[in-house]
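Residue numbers run from 1 in the order of the sequence given.
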Amino acid sequence: MCKMSLDNCNDDNDDERPKTPLEEDCCGSGCTPCIFDVHKTLLREWEECKTENNVSLHLIPGQYVMLHSWSKSRPYTPIAWTYKSLVFLVKVYEHGEFSSLLKNAPIGSGINIRGPYGDFKYERNSFRQIVMFSIGSGIAALYPVAKAIVDDETEFTRVHLVAGFRSIKHVPLKKELTHLADYWNFKCTLQLSQLNNKTISLHGFNINAGRLRKTLVADYLQSNDTETTLILICGTSQFNQSMKKWLQEMNYTHIHIFE
């Protein structure tokens with residue numbers, strides 16, 4: 001996986017608005033173009049430039065956007081953003097055409113963005129705990145939600161992120177997750193399918209061997225109350241549906257899946 005940022009590189013427009021001519025500035029001779037025609041053109045260009053340079057991004061954690069370029073479109077969830085830039089976590093697949101194009105795109109390439117999309121909404125302190133389950137690049141949807149909660153000093157909700165990967169080298173955002181783990185209300189567990197019983201120590205992480213399965217999910221949730229726990233899920237379609245089925249069998253009703 002790699003991180004990629006898209007920036008609105010236009011500088012802020014500091015040019016003054018074109019000054020409106022006075023009536024006496026026109027000679028009245030029917031000139032083409034008239035001084036008022038020139039002003040109208042300059043004003044239109046100024047307005048267009050101002051609009052372009054003041055495009056701002058308004059996202060909430062968990063939302064995604066559509067990237068469109070090379071006559072192709074793909075959904076991606078930003079892991080961080082400012083009012084004019086986006087940072088994405090992109091998994092580059094061996095035969096993934098769009099992800100490969102993104103990886104090899106020259107700086108300055110044009111990529112259209114549409115969105116944001118997504119119906120996830122979270123109200124501050126509405127749950128006692130939030131348990132997040134992800135595999136692979138699904139962590140991209142959950143990380144911004146966890147960060148927003150941890151960064152909010154008025155939040156008392158505890159967050160436990162359980163993320164599944166093949167091995168430790170496939171785990172992205174180690175630095176970012178380690179930073180969150182320094183807070184009292186965040187815990188991260190890495191479920192590694194290819195751990196091979198080797199002892200691995202990584203500051204801020206609990207590391208367990210094996211794939212996420214129903215018995216493990218039950219263990220991670222055993223001390224939680226079903227009414228005060230929100231479950232967030234993001235992974236493959238098969239993983240999402242299996243998780244939903246297991247959780248419903250455990251009587252959890254507050255479940256949101258990031259498709």
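Using a cut-off of 4.0 Å between Lys/Arg side-chain N and Asp/Glu carboxylate O, E249 and K214 are scored as salt-bridged. The residues K72 and E97 are annotated as salt-bridged, a charged nitrogen and a carboxylate oxygen being separated by less than 4.0 angstrom. Between D225 and R128, no side-chain nitrogen of the basic residue sits less than 4.0 Å from a carboxylate oxygen of the acidic one, so the salt-bridge criterion is not met.
Residues R158 and W184 meet the side-chain proximity criterion, which asks for heavy atoms closer than 4.5 Å. At least one side-chain heavy atom of T228 sits less than 4.5 Å from a side-chain heavy atom of Q129.
Summarising the local packing, NZ of K187 is surrounded by 12 or fewer heavy atoms from other residues, nucleotides or ligands at distances under 6.0 Å.
Aromatic rings from Y252 and W246 are positioned such that their centres are separated by 6.0 Å or more. Less than 6.0 angstrom separates the ring centroid of F258 from the ring centroid of F120.
Shown here for S73 and H68, the closest heavy-atom pair between the two residues is OG-ND1, 2.6 Å. Closest approach of V171 to F165, counting heavy atoms only: CG2-CD1, 3.6 Å. Of all heavy-atom pairs between V162 and Y220, the closest is CG1-CE1, 3.7 Å. Nearest heavy atoms, Y76 versus F88: CB-CD2, 3.5 Å. Between G118 and Y64, the shortest heavy-atom contact is N-CE2, 4.0 Å.
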Audit row: Y143, L177, side-chain contact (heavy atoms from CB on, under 4.5 Å) steps and yes/no: CA-CA 8 Å; Y143 168 74; L177 292 172; 4.0 Å; yes
